[in-house]
K.L.:
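Pasting in a structure now, in structure tokens, and then I'll have a few things to ask.
So you know, we letter chains A, B, ... as the sequences are listed, proteins then strands, and number each from 1.
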Number of protein chains: 2
Amino acid sequence: MTGLAAEALMNRVARGPLPDWRVFAEAFSVSRVAAGASVFRPGDQDRRIFIVRSGLIKLVYTLPDGEEWIKSFIAEEKFFACSSTLQSGAAAGFGAEAMEPSELEHCDFSVLERLAGQHIEWARVLNALLLDFAAKKEERERVFLTLKPADRFVWLKSTMPSLVERVPQKDLAAYLGVTPVGLNRIIKRLEKD
Amino acid sequence: MTGLAAEALMNRVARGPLPDWRVFAEAFSVSRVAAGASVFRPGDQDRRIFIVRSGLIKLVYTLPDGEEWIKSFIAEEKFFACSSTLQSGAAAGFGAEAMEPSELEHCDFSVLERLAGQHIEWARVLNALLLDFAAKKEERERVFLTLKPADRFVWLKSTMPSLVERVPQKDLAAYLGVTPVGLNRIIKRLEKD
DNA sequence: GTCATCGATTAATCCTGGTTAATGCGGGAC
DNA sequence: GTCCCGCATTAACCAGGATTAATCGATGAC
């Protein structure tokens with residue numbers, strides 16, 4: 001209908017047709033970002049919600065000493081936002097950067113807030129999105145808490161095989177909480193079985 | 001008004017008075033659990049939401065080999081639930097156990113679901129609770145991803161000093177993802193400064 | 001009171017991943 | 001084509017936490 005990836009995303013979580021759909025759809029813009037370009041930086045106060053139409057985004061914590069750890073990868077039809085989007089006032093603790101040339105749909109979060117305040121259907125959608133997000137973070141907590149680095153890679157390969165193909169090893173390492181050298185050693189060790 | 005800890009919790013996240021408050025309040029029961037007793041076990045399908053009136057609960061992942069890792073501690077006026085509460089169908093991957101003699105208020109989650117489906121105010125409350133939960137899991141992700149074991153303990157002491165007093169060292173260890181012996185060594189090392 | 005139990009502490013040893021550094025490889029700029 | 005640069009790979013060495021085991025202390029059962 002609109003051709004938006006946002007539509008696919010919303011249809012996935014909504015139980016039926018959504019009122020004021022046009023208000024939502026028309027609030028979106030589409031931007032192109034080059035590989036390596038940043039979408040927002042740590043410290044920014046950005047109130048937009050982003051949906052990936054094509055490409056791949058990484059959310060990155062940067063420590064004072066320059067170390068970088070990857071919070072998550074966002075692929076097609078998935079969404080992301082700066083921390084201040086959901087908790088207004090807060091500044092982003094992490095940045096967002098394109099890993100491939102990407103197309104992003106984005107709109108101000110206040111649009112969704114307003115719709116959720118007016119229609120229970122939109123409130124339910126917001127709920128489902130949050131729940132989805134919470135479940136992902138919870139799973140990541142489980143992985144870090146109960147799995148050793150080597151097992152974390154095995155888990156990654158079995159649950160997100162396409163990512164392992166698509167992403168450079170050093171970024172997989174930064175996502176799993178090990179150094180690039182460390183991950184390479186783990187992989188070679190596994191290959192000997 | 002009701003004397004429920006649930007009331008304090010809801011008032012903290014709601015922006016104003018909530019419709020059908022009685023429906024909510026009267027859906028609750030209160031249970032006492034002895035220290036060491038379990039509230040639900042991994043694999044259970046429990047659709048209740050629990051609020052701690054007094055005492056302390058731990059949520060625990062138990063691995064096939066018997067290892068135990070603590071997902072979180074739940075103290076007074078905080079809530080918790082089995083995974084199947086929010087994602088019906090799913091079974092709990094973790095169990096809940098009282099660390100102190102505790103009083104728990106609980107009601108079937110369907111009550112909240114129904115209220116949220118009828119009143120936008122309740123939908124907003126549910127949203128706020130989910131957001132709160134997501135933020136906590138996100139913070140925990142950050143801690144595991146960017147902090148070494150020793151720094152995780154420093155972080156714990158500065159953000160939840162009361163927990164460090166209240167909880168045995170071995171449980172702090174299981175929460176931080178290190179062994180009891182490991183944590184003890186870390187603490188002693190830190191004391192030499 | 002004694003005993004048993006559980007948690008804290010300490011020490012010895014092991015092991016996995018971190019650190020540093022060197023080499024190789026491949027793709028892009030020119 | 002050549003030159004770079006970033007990533008992967010490998011090796012040597014280091015370090016922090018894991019493992020195992022022994023001791024100690026406090027608490028609760030009896």
K.L.:
Are any of the side-chain nitrogens in B/Glu113 or B/Arg47 under 4.0 Å away from the carboxylate oxygens of its partner?
P.N.:
yes
K.L.:
With a 4.0 Å cutoff (strictly under), does any side-chain N or O of B/Thr179 reach OP1 or OP2 of D/dG17?
P.N.:
no
K.L.:
Give the B/S/- string for nucleotides 3-9 of chain C, one per nucleotide from 5' to 3', where a protein heavy atom under 4.0 Å of the base yields B, of only the sugar-phosphate yields S, and otherwise -.
P.N.:
----SSS
K.L.:
For the pair made of CG in A/Asp65 and P in C/dG18, what is the distance, rounded to whole Å?
P.N.:
14 Å
K.L.:
Tell me whether the NZ or CZ atom of B/Arg140 lies within the 45° cone about the ring axis of A/Phe144 and under 6.0 Å from its centre.
P.N.:
no
K.L.:
Confirm from the modelled atom types if A/Arg185 and D/dA11 form a donor-acceptor pair under 3.5 Å, side chain to base only.
P.N.:
no
K.L.:
Whole angstrom is fine here: how far is it from CD in A/Glu191 over to P in D/dA8?
P.N.:
13 Å
K.L.:
Collect all protein-nucleotide pairs involving nucleotides 23-30 of chain D in which both atoms are nitrogen or oxygen and the distance is under 3.5 Å.
P.N.:
none

K.L.:
Can you sort out the partners of B/Arg166 under side chain to side chain donor-acceptor pair (under 3.5 Å), two or more places apart, ordered by chain and number?
P.N.:
B/Glu76, B/Glu100
K.L.:
Considering only NZ, NE, NH1 and NH2 on the basic side and carboxylate oxygens on the acidic side, decide whether A/Glu138 and B/Lys137 come within less than 4.0 Å.
P.N.:
no
K.L.:
Expressed in angstrom and rounded to an integer, what is the separation of B/Lys148 atom NZ from C/dG18 atom P?
P.N.:
9 Å
K.L.:
Quickly work out the A/Leu190 CG to C/dG17 C1' distance and round it to whole Å.
P.N.:
14 Å
K.L.:
When the ring planes of A/Trp122 and A/Trp21 are compared, do they come out parallel, tilted or perpendicular, using 30° and 60° as the limits?
P.N.:
parallel
K.L.:
Could you tell me if B/Lys71 sits above the aromatic ring of B/Tyr61, with its cationic atom closer than 6.0 Å to the ring centre and no more than 45 degrees from the axis?
P.N.:
no
K.L.:
From A/Ile51 CD1 over to A/Cys107 SG, what is the distance, rounded to the nearest 0.5 angstrom?
P.N.:
7.0 Å
K.L.:
Give the rounded distance in Å between these two atoms: CG of B/Leu176 and C1' of D/dG17.
P.N.:
13 Å
K.L.:
Taking it one step at a time, do B/Glu77 and B/Arg12 satisfy salt bridge (Lys or Arg N to Asp or Glu O under 4.0 Å)?
P.N.:
CA-CA 10 Å; B/Glu77 291 188 7; B/Arg12 218 182 309 140; 3.4 Å; yes
K.L.:
What's the CZ-P distance between A/Phe144 and C/dG17, to the nearest Å?
P.N.:
14 Å
K.L.:
Expressed in angstrom and rounded to an integer, what is the separation of A/Leu145 atom CG from D/dG17 atom P?
P.N.:
16 Å
K.L.:
Between atom CZ in A/Arg152 and atom P in C/dT16, what is the gap in whole Å?
P.N.:
15 Å
K.L.:
Tell me if the CZ atom of A/Arg142 is crowded by more than 12 foreign heavy atoms within 6.0 Å.
P.N.:
yes
K.L.:
Determine whether any donor atom in the side chain of B/Arg189 lies under 3.5 Å from an acceptor atom in the base of D/dG17, or the reverse, and answer yes or no.
P.N.:
no
